[in-house]
Amino acid sequence: MEKTITFSVQGNVITGKLHGNAHLWTFESDNEYIRSNFNNGRISKHSIVKQSKCEQALNMIYSVVCEEAELPGF
């Protein structure tokens with residue numbers, strides 16, 4: 001499955017495509033914040049977040065994408 005999602009974390013509006021299912025998903029975005037903090041704009045279900053001073057924001061982004069992937073119908 002695939003769907004486009006948009007959300008905001010600490011003032012960063014992020015739009016991207018969520019592919020897969022609740023157990024194995026990938027999120028891709030051209031957002032500069034995502035591209036610089038996650039593997040060139042790609043997050044997968046078991047991504048390791050870079051160590052940075054923005055770690056809380058990155059964990060929030062990962063959590064939002066996880067929640068979206070677990071919604072019924074995805």
Side-chain angles (χ1 to χ4, degrees):
M1 298 205 96
E2 177 181 293
K3 72 176 175 178
T4 300
I5 61 173
T6 301
F7 56 93
S8 178
V9 173
Q10 294 186 344
N12 294 292
V13 176
I14 299 163
T15 298
K17 297 232 184 242
L18 182 59
H19 310 271
N21 60 47
H23 302 289
L24 186 60
W25 54 260
T26 301
F27 175 74
E28 296 177 273
S29 177
D30 289 332
N31 177 281
E32 186 58 37
Y33 187 78
I34 295 289
R35 291 182 63 77
S36 64
N37 288 287
F38 288 98
N39 194 21
N40 293 321
R42 179 175 283 157
I43 305 167
S44 61
K45 171 109 185 210
H46 301 290
S47 292
I48 297 174
V49 177
K50 285 183 182 179
Q51 294 291 74
S52 74
K53 61 186 175 189
C54 301
E55 190 170 330
Q56 182 181 7
L58 300 178
N59 286 333
M60 290 172 63
I61 292 167
Y62 183 85
S63 294
V64 167
V65 175
C66 276
E67 288 174 17
E68 286 287 332
E70 292 173 355
L71 289 175
F74 181 69

Less than 4.5 Å apart, side chain to side chain, heavy atoms only: is that true for [X] and [Y]?
| X | Y | answer |
| --- | --- | --- |
| Ile43 | Thr26 | no |
| Val9 | Tyr33 | no |
| Thr15 | Ile5 | no |

Crowding at CG, Leu24 (>12 non-hydrogen neighbours, <6.0 Å): no
Test side chain to side chain donor-acceptor pair (under 3.5 Å) applied to Ser8 - qualifying residues, sequence neighbours left out: none
Pairs involving residues 63-74, ordered by first then second residue, that meet side chain to side chain donor-acceptor pair (under 3.5 Å) (sequence neighbours left out): Lys3-Glu68
Salt bridge (Lys or Arg N to Asp or Glu O under 4.0 Å) partners of residues 11-30, not counting sequence neighbours, each pair once: Glu2-Lys17, Glu28-Arg42
Residues Val65, Phe7; criterion side chain to side chain contact (heavy atoms under 4.5 Å, CB included); working and verdict: CA-CA 9 Å; Val65 175; Phe7 56 93; 4.0 Å; yes
Approximate separation, where rounding is to 0.5 Å, of Gln56 CD and Ile61 CD1: 11.0 Å
With Ser29 via side chain to side chain contact (heavy atoms under 4.5 Å, CB included) - residues at least two apart: Ile14, Phe27, Asn31, Ile34
